[in-house]
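So the structure is just underneath, and the comments pick up after that.
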Amino acid sequence: MSSLSPIAIRGRFLDITHTVSQADQIAQAVRYIEDGLLITEQGQIKWFGSWEQGQSQLTSDITVEHYPEQLIVPGFIDTHIHFPQTEMVGAFGEQLLEWLNTYTFPTELQFSDKAYADQIAHFFVNELLKNGTTTALVFCTVHPQSVDALFEAATRHHMRLIAGKVMMDRHAPEGLCDTAESAYHDSKALIEKWHGQGRNLYAITPRFAPTSTPEQLEKAGQLKAEYPDVYIHTHLSENKNETAWVKELFPEQKGYLDVYHHYGLTGNRSVFAHCVHLEEDEWDCMHDTDSAIAFCPTSNLFLGSGLFPLKKTWEKQVKVGLGTDIGAGTSFNQLQTLNEAYKVQQLQGDKLSAFESFYHATLGGAKALHLQDKLGNFNVGKEADFVVLNLNATALQTLRQQRAKNIEDALFALFTMGDDRNIQATYIYGQKAYEQKA
Ligand code: GUN
Ligand code: ZN
């Protein structure tokens, strides 16, 4: 079937109508339609509202797919994930810097082989779909062919992915290192090939400050200046030994973020994974440059990196999305990610409401990726990426859902107990791309 065929979906819909500047404004922006209708055309939302009002919009060529029991929500957005690390989830015992040397670099070396990269890219994209993730910002490896493999796999589903080749010219095995010059040329060629092709978008991807020389970071900045609408994707302030190392390596800069800022890598399409240990002036720089954070709770807990202060993103008005950070993170699933996000806030004496969680996983994530005009809710004209959720995937969930006080409580129970079993179907660009087998 062509992606251009119109479809109509009837069911229970939940989304957030507009972006907000404070968490307590989210509840007023929640839109819940008990019996709703969504019609797509050319991959986009053509009509959305109540079933009662929408029936007159239906034409005889469209069959209506009805999900009477389920909950239909915008597709989940993963703002930080590594596709080559799919196979290494659950690598035992180390914190960030040792974990990279012991497990990550040997795994990533395999991606010089295009056929291998193809195989894992295919698995990875299916895993995203199976978990209801419809857009992701993705690290590949240093090998340009790893980027080709991923975009080729995503394109088969018309999926909106942002990805890029890792730039890394020191403190890594030889087989994973490029040079300042080759990273520039390889990244430029990939931008020309993939950025804006279909729904694909490119991210200039220096791994993190310790693995790039000042010369390479300068080249990354040069590339960003040449292609202002591509993304910057990197790591920042994840682990205390890492931040201390950056201070040693770049003594002339004020701090870790200032390294990136100095080379022109901050901005409204820049996404920094983790930001667990930011200093006050770094929060201000994130705000002033309109840069975004990817909050990766399962990863921060698994690697023992620390507790991310989510509340501070509202105080400082810094954009934030959720990241799984596979393979330091332990699940592809955004429900499981939210389960851990809630606990990370509990450990800091803060409450993460179900509606705030939902915001971060959908429209807030879209805003973090500067895609709030295209993704994140059911507004007419947006791209039709959405997920059909079964709230009763297990006997325990059914028991709990029967006692849910309202939609917010039902959502909170889903976020606490849910996983891939709750993803009944995933639609990409108005077409069913995944359906759970009965
Ligand atoms: N910092 C630099 N590289 C990585 C990586 O692959 N994973 C995580 N979690 N942090 C990093
Ligand atoms: Zn990462």
Side-chain angles (χ1 to χ4, degrees), residues 78-111 120 124 136-143 146 150 162-173 176-178 203-212 216-217 220 231-246 249-250 256-257 259-260 265 270-278 292-308 320-332 337 340 344 368:
D78 188 338
T79 61
H80 179 68
I81 184 165
H82 300 247
F83 105 78
Q85 296 176 18
T86 300
E87 67 192 67
M88 55 166 288
V89 174
F92 176 77
E94 305 294 353
Q95 292 212 351
L96 176 64
L97 300 176
E98 298 74 26
W99 174 87
L100 283 172
N101 286 319
T102 312
Y103 299 112
T104 315
F105 292 156
T107 301
E108 293 193 5
L109 277 165
Q110 304 169 98
F111 289 73
I120 300 295
F124 173 84
L137 172 57
V138 189
F139 260 68
C140 301
T141 64
V142 74
H143 316 99
S146 72
L150 182 64
I162 314 172
K165 179 200 111 68
V166 168
M167 303 171 76
M168 174 153 70
D169 66 344
R170 62 170 169 176
H171 300 136
L176 281 184
C177 282
D178 51 16
I204 298 166
T205 309
R207 178 171 217 115
F208 66 155
T211 47
S212 284
Q216 185 168 70
L217 292 175
Y231 289 78
I232 300 288
H233 184 198
T234 187
H235 297 91
L236 171 63
S237 228
E238 174 177 4
N239 166 288
K240 289 208 169 137
N241 292 339
E242 170 209 17
T243 54
W245 192 23
V246 172
L249 291 169
F250 296 90
Y256 195 161
L257 178 56
V259 175
Y260 297 133
L265 302 177
S270 295
V271 180
F272 297 96
H274 306 302
C275 299
V276 174
H277 306 289
L278 287 188
I293 297 172
F295 167 32
C296 308
T298 73
S299 166
N300 296 160
L301 294 173
F302 184 76
L303 290 183
S305 302
L307 303 175
F308 176 72
V320 63
L322 280 174
T324 59
D325 194 28
I326 290 291
T330 51
S331 172
F332 271 80
T337 304
E340 300 308 306
V344 167

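When a ligand or atom number is given, it counts from 1 through the structure's own listing order. Just the heavy atoms: all of them, side chains too, but no hydrogens, waters or symmetry mates, feed the values below.
- Looking at atom 4 (C) of ligand 1, its nearest protein heavy atom turns out to be H235 CE1, 3.4 Å.
- For the salt bridge (charged side-chain N to carboxylate O under 4.0 Å, His left out) test, no residue two or more places apart in sequence or in another chain qualifies with E238.
- Ligand-side atoms of ligand 1 in range of L96: 1 (N), 8 (C), 10 (N), 11 (C), range being under 4.0 angstrom from any heavy atom.
- Considering backbone and side-chain atoms alike, E238 places an N or O below 3.5 Å from some N or O of ligand 1.
- In terms of heavy-atom proximity, Y256 sits nearest to S237 at CE1-N, 3.1 Å.
- Close contacts between ligand 1 and A328 involve ligand atoms 9 (N) [criterion: under 4.0 Å to a heavy atom].
- D325 OD2, 2.8 Å is the protein heavy atom nearest to atom 9 (N) of ligand 1.
- Closer than 2.8 Å to the Zn ion (ligand 2) sit the protein N, O or S atoms H80 NE2, H82 NE2, H235 NE2, D325 OD1.
- Residue, atom and distance of the protein heavy atom nearest to atom 3 (N) of ligand 1 are R207 NE, 2.8 Å.
- No hydrogens or angles considered: nothing links the side chains of Y231 and S270 as a donor-acceptor pair under 3.5 Å.
- In the vicinity of H82, heavy-atom distances shorter than 4.0 Å reach the ligand 1 atoms 5 (C), 6 (O), 7 (N).
- Considering every non-hydrogen atom in both S212 and D169, the closest pair reads CA-OD1, 3.2 Å.
- Taking the six-membered ring where the residue is Trp, the centroids of F250 and Y260 are separated by 6.0 Å or more.
- Looking at ligand 1, you won't find any N or O of T104 less than 3.5 Å from one of its N or O atoms.
- When non-hydrogen atoms are compared, ligand 1 lies under 4.0 Å from the side chain of L100 (C-beta onward) but not from its backbone.
- Interatomic distance, N239 CG to W99 CH2, rounded to the nearest 0.5 Å: 11.5 Å.
- In this structure, the side-chain hydrogen bond (donor to acceptor under 3.5 Å, both in side chains) partners of D78, at least two apart in sequence or on a different chain, are T324.
- Those atoms of ligand 1 with a heavy atom of H274 less than 4.0 angstrom away are 9 (N).
- Heavy atoms of Q85 approach ligand 1 to within less than 4.0 angstrom.
- By the side-chain hydrogen bond (donor to acceptor under 3.5 Å, both in side chains) test, H233 is found to be paired with H80, residues two or more places apart in sequence or in another chain being considered.
- To the nearest 0.5 angstrom, C296 atom SG is 9.5 Å from I81 atom CD1.
- Nearest heavy atom pair, residue A172 against residue M168, reads CB-SD, 3.7 Å.
- A donor-acceptor contact closer than 3.5 angstrom is absent between the side chains of E94 and N101.
- Of the residues T337, T330, D325, the one that meets the side-chain hydrogen bond (donor to acceptor under 3.5 Å, both in side chains) test with S299 is D325.
- Protein heavy atom nearest atom 7 (N) of ligand 1, with residue, atom name and distance: W99 CZ3, 3.4 Å.
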